[in-house]
Amino acid sequence: MYVKLQGADRDPAPAARPPARLNGPRARRLIRWLVDVAPPYRLTDLSRASGLSKGYVSTLLEAMVDTALIERDRRGSVRDVDWPALLAAGAEGYQLQRNNAVGTYVAPGGPGALYRRLADPDAPRAVVTGSFAAAAVAPIAVPAQLVVYAPDPAAMQRFGRLLPAERGADVLILQAEDELSQLAGTRTLDGIEHVAVSQLVMDCLGGNGRLPEEAAALFDWMRADPPAWRRQRLPAP
């Protein structure tokens with residue numbers, strides 16, 4: 001007589017895992033894809049587009065399902081995304097001037113004049129975020145501080161003839177914590193490069209002054225016109 005025994009495929013009492021964090025730089029990279037592209041899409045497609053491992057993407061998606069931020073079908077494909085709540089979750093714990101390296105300056109001709117000069121073909125790369133970018137989409141007040149991501153801060157400082165300032169700065173030069181996320185999907189308006197709207201929202205939510213108020217205006221604009229900012233499919237391999 002032969003007896004063959006087979007245990008369960010899964011541990012009935014697995015060790016508890018800490019909840020996945022949705023506010024790290026890699027998590028925000030995935031959040032950007034989930035927000036910027038309308039579902040449906042598969043886990044493998046999200047992994048390929050974001051450059052994140054399938055295991056990591058799977059863990060984050062499970063955490064998002066548990067908190068009702070996304071919905072998945074029986075095959076695991078993402079079918080629906082609560083993108084306003086997902087952006088808010090990604091911005092928790094994110095501070096614009098803490099997570100990114102920042103330099104504070106005063107522009108001799110004012111931030112508005114420097115912003116317009118960014119359209120000059122000889123200008124170093126500078127990707128606009130903050131109030132100037134928000135005002136181009138959903139203006140609520142005249143912007144008073146120019147915030148840019150600049151891969152070469154020294155070149156940007158020379159171009160703008162900027163003066164270092166610890167107080168009263170009207171120009172902030174940022175070096176992105178995660179360029180693959182923060183500088184992905186940029187838009188060009190009047191010859192000036194701006195961050196994607198989803199990144200702009202997180203930057204405003206993590207900013208100071210009236211930036212959080214500008215994020216609320218951006219949410220209203222996004223809800224009113226999704227085709228203006230949301231892609232219909234992930235990029236092809």
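The model shown is predicted, which means the values in this text are computed figures rather than measured ones.
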Could you give me the CA-CA distance, side-chain angles and deciding distance for R29 and D178, then say whether salt bridge (charged side-chain N to carboxylate O under 4.0 Å, His left out) is met?
CA-CA 8 Å; R29 191 190 309 177; D178 179 18; 3.1 Å; yes

I'd like to know whether D45 forms a salt bridge (charged side-chain N to carboxylate O under 4.0 Å, His left out) with R42, so could you lay out the CA-CA distance, the side-chain angles of the two residues, the decisive distance to 0.1 Å, and finally the verdict.
CA-CA 5 Å; D45 298 326; R42 300 175 301 170; 3.2 Å; yes

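Under the 3.5 Å distance criterion, with hydrogens and angles disregarded, a donor-acceptor pair is assigned to the side chains of S131 and E214. For the residue pair Q182/Y149, the side-chain donor-acceptor check at 3.5 Å is satisfied.
A distance of 11.5 Å separates CG in L30 from CZ in R32, rounded to the nearest 0.5 Å. For the atom pair OG1 of T104 and CG of L172, the computed distance is 7.0 Å after rounding to the nearest 0.5 Å. The CG atom of L163 sits 8.0 Å away from the CD atom of Q157 when rounded to the nearest 0.5 Å.
Think of I173 as one node in a network of Ile, Leu, Val, Met, Phe, Trp and Tyr side chains linked at under 4.5 Å; its network also takes in Y105, L114, Y115, L118, V128, F132, L146, V148, M156, F159, L162, V171, I192.
R233 CZ: 12 or fewer foreign heavy atoms inside a 6.0 Å radius. Dense packing is recorded around CZ of R223, with more than 12 heavy atoms of other residues, nucleotides or ligands lying under 6.0 Å away. The number of heavy-atom neighbours closer than 6.0 Å to CG of D190, taken from other residues, nucleotides and ligands shown, is 12 or below.
Partners of W33 under the ring pair (Phe, Tyr, Trp, His ring centres under 6.0 Å) rule, at least two apart in sequence or in another chain, do not exist in this structure. With sequence neighbours excluded, the residues forming a side chain to side chain donor-acceptor pair (under 3.5 Å) with T186 are E193, listed by chain and number.
Between V137 and H194 there is no side-chain heavy-atom pair separated by less than 4.5 Å.
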